[in-house]
Amino acid sequence: MFTSKYFNLGKVVCTATLNNIMSENKQFANEVMSALQRYCNKDWGDLCEEDKQTNEDALQYPDDLYLLAAYKTCKGKIYIITERISKNAGDNATTLCFSDER
């Protein structure tokens with residue numbers, strides 16, 4: 001289980017496509033887990049500096065959080081997105097997906 005001392009991940013999920021590839025490819029699975037660990041530590045991956053700053057600014061509003069990060073893998077770029085999923089402040093979910101699934 002992943003946690004971050006910087007923000008509330010909420011429920012962590014991934015798309016079916018990403019999950020299927022992870023179950024078939026150990027290297028990819030390790031890269032995804034590494035990306036999630038980096039994300040938990042505020043390493044936003046392959047984003048431009050402006051987008052990284054947007055994430056840092058968003059951390060000032062934890063009740064209405066939206067964070068995005070991108071990471072290169074052996075199967076292409078993946079995205080990790082944390083966002084509020086209900087009207088309840090701080091009710092977040094973190095989704096791992098490919099760019100065409102965003």
Side-chain angles (χ1 to χ4, degrees):
M1 177 162 190
F2 287 89
T3 61
S4 173
K5 65 181 181 179
Y6 302 105
F7 56 93
N8 172 19
L9 291 166
K11 183 175 183 178
V12 179
V13 298
C14 68
T15 62
T17 303
L18 197 136
N19 186 61
N20 290 340
I21 296 172
M22 284 177 46
S23 68
E24 297 170 358
N25 185 312
K26 186 175 182 176
Q27 177 185 348
F28 178 67
N30 288 336
E31 291 171 346
V32 170
M33 292 300 105
S34 175
L36 187 54
Q37 186 63 50
R38 290 173 58 193
Y39 182 75
C40 289
N41 289 309
K42 299 194 320 177
D43 174 344
W44 309 121
D46 299 321
L47 295 180
C48 68
E49 290 305 315
E50 183 178 341
D51 289 342
K52 289 177 182 180
Q53 187 58 53
T54 298
N55 281 347
E56 293 296 325
D57 294 344
L59 293 173
Q60 302 303 309
Y61 305 96
D63 290 343
D64 194 27
L65 195 61
Y66 181 86
L67 300 171
L68 169 72
Y71 305 91
K72 294 177 187 170
T73 72
C74 64
K75 295 294 182 179
K77 191 176 284 189
I78 63 164
Y79 289 85
I80 303 177
I81 304 164
T82 298
E83 60 189 328
R84 189 163 117 181
I85 58 171
S86 77
K87 292 181 181 181
N88 299 326
D91 187 12
N92 298 338
T94 298
T95 304
L96 291 82
C97 61
F98 287 107
S99 61
D100 63 339
E101 300 175 305
R102 287 182 47 199

Rounded to the nearest 0.5 Å, what separates atom [atom1] in [X] from atom [atom2] in [Y]?
{"X": "Asn25", "Y": "Asn30", "atom1": "CG", "atom2": "CG", "value": "9.0 Å"}
{"X": "Thr94", "Y": "Ile80", "atom1": "OG1", "atom2": "CD1", "value": "8.0 Å"}
{"X": "Thr95", "Y": "Glu101", "atom1": "OG1", "atom2": "CD", "value": "10.5 Å"}
{"X": "Arg84", "Y": "Asp91", "atom1": "CZ", "atom2": "CG", "value": "8.5 Å"}

Sorted by chain and number, sequence neighbours left out, salt bridge (Lys or Arg N to Asp or Glu O under 4.0 Å) with Asp63 holds for none
Taken in chain and number order and not counting sequence neighbours, the residues that satisfy side chain to side chain contact (heavy atoms under 4.5 Å, CB included) with Ala29 are Met22
Residues passing the side chain to side chain contact (heavy atoms under 4.5 Å, CB included) test with Ser23, sequence neighbours excluded, are none
Of the non-hydrogen atoms in [X] and [Y], which two are nearest, and what is the gap between them?
{"X": "Cys97", "Y": "Thr15", "value": "CB-CG2, 3.5 Å"}
{"X": "Cys40", "Y": "Ser4", "value": "O-OG, 2.7 Å"}
{"X": "Asp46", "Y": "Lys77", "value": "O-NZ, 4.3 Å"}
{"X": "Glu31", "Y": "Cys74", "value": "OE1-N, 2.6 Å"}

Next item on the list: Apply side chain to side chain contact (heavy atoms under 4.5 Å, CB included) to Ile21 and Phe98, showing your working.
Entry: CA-CA 11 Å; Ile21 296 172; Phe98 287 107; 3.8 Å; yes
Do [X] and [Y] make a side-chain contact, defined as non-hydrogen atoms from C-beta onward lying under 4.5 Å apart?
{"X": "Tyr6", "Y": "Tyr39", "answer": "no"}
{"X": "Ile78", "Y": "Phe28", "answer": "yes"}
{"X": "Leu96", "Y": "Asn19", "answer": "no"}

Going by chain and number, the hydrophobic cluster around Ile85 (ILVMFWY, side chain to side chain under 4.5 Å) further includes none
For Asn8, is there any backbone N or O sitting under 3.5 Å from a side-chain donor or acceptor partner on Asn92?
yes
Kindly work out whether a path of hydrophobic side-chain contacts (I/L/V/M/F/W/Y, heavy atoms less than 4.5 Å apart) joins [X] to [Y].
{"X": "Leu18", "Y": "Tyr71", "value": "yes"}
{"X": "Ile81", "Y": "Leu36", "value": "no"}
{"X": "Val13", "Y": "Phe7", "value": "no"}

Practice problem: List the steps, then state whether side chain to side chain contact (heavy atoms under 4.5 Å, CB included) holds for Leu59 with Leu65. | Solution: CA-CA 7 Å; Leu59 293 173; Leu65 195 61; 4.2 Å; yes
So the side chain to side chain donor-acceptor pair (under 3.5 Å) pairs with at least one residue in residues 49-58 (sequence neighbours excluded) are Lys42-Glu56, Trp44-Glu56, Gln53-Asp57
Margin query: Tell me if the OH atom of Tyr61 is crowded by more than 12 foreign heavy atoms within 6.0 Å.
Written below: no
For Tyr79, the ring pair (Phe, Tyr, Trp, His ring centres under 6.0 Å) test, sequence neighbours excluded, returns none
